[in-house]
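So you know, we letter chains A, B, ... as the sequences are listed, proteins then strands, and number each from 1.
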There are 2 protein chains.
Amino acid sequence: MAIKKYQQLKKYYARISHLQYAQRILMWDEAVMMPEGAQEARASAVATLNLTIHRMLTAKRMKSLIDQARHDDTLETWDAMNLKLIEKKYIRSVSLPSWLAEESAKAAILCEQAWRKLRPENNWKDFLPFFEKVFNLVREAAEREGQALGMTAYDALLDLYAPGFSQKNIDIIFSQLKQALHPLVTQIIGRQSDDAAVAPVGPFPVESQRNLGLAVMNALCFDFTRGRLDISHHPFCSGGPSDVRMTTRYTEHEFLSSLFGICHETGHALYEQGLPGVWVDQPVGQIDSMVMHESQSLLIEMEVCRSMPFIKYLQPLLVQRFGDQPAFTFENLFRLVTRVTPGYIRVDADEVTYPMHVMLRYELEKALFSGELSIQDLPAAWNDLMVRYLGLSTAGNVKNGVMQDVHWPGGAFGYFPAYTLGRMMAAQLFTVFSERHPHSSGEVQSGKFNHLHNWLSENIYQAASSLPVQELLTRITGKPLEAGYFLDHIRARYLGG
Amino acid sequence: MAIKKYQQLKKYYARISHLQYAQRILMWDEAVMMPEGAQEARASAVATLNLTIHRMLTAKRMKSLIDQARHDDTLETWDAMNLKLIEKKYIRSVSLPSWLAEESAKAAILCEQAWRKLRPENNWKDFLPFFEKVFNLVREAAEREGQALGMTAYDALLDLYAPGFSQKNIDIIFSQLKQALHPLVTQIIGRQSDDAAVAPVGPFPVESQRNLGLAVMNALCFDFTRGRLDISHHPFCSGGPSDVRMTTRYTEHEFLSSLFGICHETGHALYEQGLPGVWVDQPVGQIDSMVMHESQSLLIEMEVCRSMPFIKYLQPLLVQRFGDQPAFTFENLFRLVTRVTPGYIRVDADEVTYPMHVMLRYELEKALFSGELSIQDLPAAWNDLMVRYLGLSTAGNVKNGVMQDVHWPGGAFGYFPAYTLGRMMAAQLFTVFSERHPHSSGEVQSGKFNHLHNWLSENIYQAASSLPVQELLTRITGKPLEAGYFLDHIRARYLGG
């Protein structure tokens, strides 16, 4: 009886997944295909889908099916985990009154729109009221969700993107990271100042860049019968396991940015395509952890594609498409893709300074949620930390300071740590893979990625969300997440040899 | 109070419209963008959206809002019509038990899949069981809907696509048409046999064809901020008023087919784009009648774009893109686009023989629904009529006979008459427009379509579904639909002058 109820719950939840997939395709379409005049119609459609999904998640039927399925003690591991994940989604959804869900969504849209207009104007003053509203609503929602889940508001937010991590254990990992990374940055910059990189000379025709990207995706084992590559303003990866929508953008005077955008998104895409097909519509078969998701994109982009073996595979592809030029030596290309330069903008940061950007935002989020810091004082607090972490002042420069990212205006507080936790996880995973497959760098150099793909597939993709992410990591690498692997990687790549 | 209920009903119905728009974008994406591996996931998503919409249409809340709104006697014309249209949708939806709605949808999908495979094999025998199942379910649904609406099953189907028309009045119109058209076909073929047309010599590069199509769309007043043109296997027009998705397909050895596909779909698109914006999410602001929809595509394609003035506008565009050649004289181009040849395939038919194809299917549908004809005997009955109407035998040739169209396998019985009713409506409308705007052919010749667009916009597009289609037609042309205008057009274009 309880099994039957659980089967009904699965069927019910599958419908929610179908609508979420529809929503992702609509959002891809919005970024890639939609004519500009359709903005209002599209916003209404997405809002109605949101509402429909929220109603299904909070329906009495959902609760009663969960309650009855919970009495079944014969569920196998995956099903038990699936039930747990569904229940958590229910608890979160039902803890929010629908006015709050709607208000938050609306405030976030308005604030994002204001941000798009006011950021170029460096206009913090007019942005502040929108931003405060978003923050207050997010905090209220997080408090309610935290209460329902038995955690603090900020932990409830972290748990959304990085389940299994809390402020307490992120503090430990980040403090280890910060202490070691700070002196490393100075050391690496000193070392790199001696050898300037030669800049590639364009133009690089868009068609050739696209063609290069497709060749690299193909080599990395992207399955084109279940996905495609298009163009959008910012690269992203969305859709679903059998319908992965990757995007990048091109400019004729430069090709590295589109290419590494593609490498990064291919890492996300391979993870999606590698999920176990039979579980596609259930939470246990989807990717619960943005930490693990980012670890997969960063493993491909940072560990694999910015390595010397990959440069050796890539170089003839470049020459073939763009002709030879002085910038296209192995050493110079490697220099170009491993340049370390402290800068204002997180998304443009190299892998060494990137975690400093994340830790800055993490410190500010903690202070905001503990009440130590108020929204109005953010620009000053940002500037303080920026000077301390990267030696750069953002005084009077909110555009490239606190207003640079879309996350906070969009209501995504608690997201940033997932990037750096994911980066460390990528290093930990790739170190273990390399140890177990000592020939892997030779394979990469000859454009063979099947071994890596199989290993990731068996160990990570196929496991989906059947285990909490720290347990999965421990099963694969013998240890929960730690900063050491990443720091070793930085030392080896930038100071070693 | 009742007004407030009516406002709530509008809000409720708007959500249904949002989901329908989402569904159309998903189906566009399926035909144009989707990787093949996503078929199953997409089918599930569309089915879940269907189910969600059906549940909303049949919800108790819908019924109670309608019942309460009906007591309001202060509603203005558009609102009163809107309420009526919503109510009709409710009556139809609720008359179908959900098992029947689901079974019909499933059977239609399976039958369409079987059709796709078995049509090329000319395999009627294996197709028959799928087809019978679809027919039986459609008949059962139509009987229930007919009972709820107080009409016969076949009239209930006709009413779906051609509201305001029934078997009784279609019989009258079609019999007038058939009697006059049959001798005309013979006469026209005799006359055309004297002057052979010179075939254009390709290749015609796809990029130039696309570019030509965009130029024509632009001249015809298509608004590219609210729509786009892409490629699919069969041309279609979908999306929504602010997001019109038109498609065509290209082959390098021929350009007229893609071009006139574009002209046809532009007619549909202009209608969608011209609907009154404030009513976009309500039935009264949407297009209720496929007859009127087809009249708009056929008015643009047949009345405007296959006329000599349009050829004179088009010819320099062709020379500019494809270079000059003997086929590109005005007279020859006109001959090419007005060639009359009886053939097996409806979609390839010229405007003179096309109605014969439709009337054939109409006769068969009537016989099927009256019980005079059984599904098994369709191929023989088809052959009989085909010999009688067009002098062609389809014995042993089901592929190009009864199995040629996707409509019946997909469950769309009662649809075909809308094509020919729409064609006649186009003739009636265009005749009246031309009488009132005697300079219009000169304008078309110089590529100016604004007068026509404004007239259609004011008289038809902006009226949306605020009036029953026959009333709207009478308001514009002084008469309800009759075959005379179309027959006059045929005589003038093919025998006159």
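By a heavy-atom distance cut of under 4.5 Å, Ser242(B), Asp243(B), Arg245(B) are the residues of residues 237-249 of chain B near chain A, going up by number.
Crowding of Gln39(B) atom CD: a count of heavy atoms from other residues, nucleotides or ligands under 6.0 Å not exceeding 12. Within a 6.0 Å sphere centred on CD of Glu40(B), heavy atoms belonging to other residues, nucleotides or ligands number 12 at most. Atom CE of Met27(B) has 12 or fewer neighbouring heavy atoms from other residues, nucleotides or ligands inside a 6.0 Å radius. For CD of Glu252(A), the number of neighbouring non-hydrogen atoms (other residues, nucleotides, ligands) closer than 6.0 Å is greater than 12.
Most heavy-atom pairs under 4.5 Å with chain B: of the set Ala14(A), Ala22(A), Ala38(A), this distinction falls to Ala38(A).
Checked against His18(A) for a side chain to side chain contact (heavy atoms under 4.5 Å, CB included), the options Val46(B), Thr48(B), Leu51(B) give a single hit: Thr48(B).
A heavy-atom distance below 4.5 Å is not found between the side chains of Leu26(B) and Asp29(A). Residues Arg42(A) and Ile25(B) meet the side-chain proximity criterion, which asks for heavy atoms closer than 4.5 Å.
Interface residue Ser44(A): backbone and side-chain heavy atoms are both found under 4.5 Å from chain B. The parts of Met33(B) that come within reach of chain A are both its backbone and its side chain, each placing non-hydrogen atoms under 4.5 angstrom from that chain. For Thr225(B), the parts sitting under 4.5 Å from any heavy atom of chain A are the backbone and the side chain alike.
When atom types are taken as modelled, the side chain of Arg228(A) and the backbone of Pro35(B) share no donor-acceptor pair closer than 3.5 angstrom.
If you take CG on Leu19(B) and CG on Leu19(A), they are separated by 8.0 Å, rounding to the nearest 0.5 Å.
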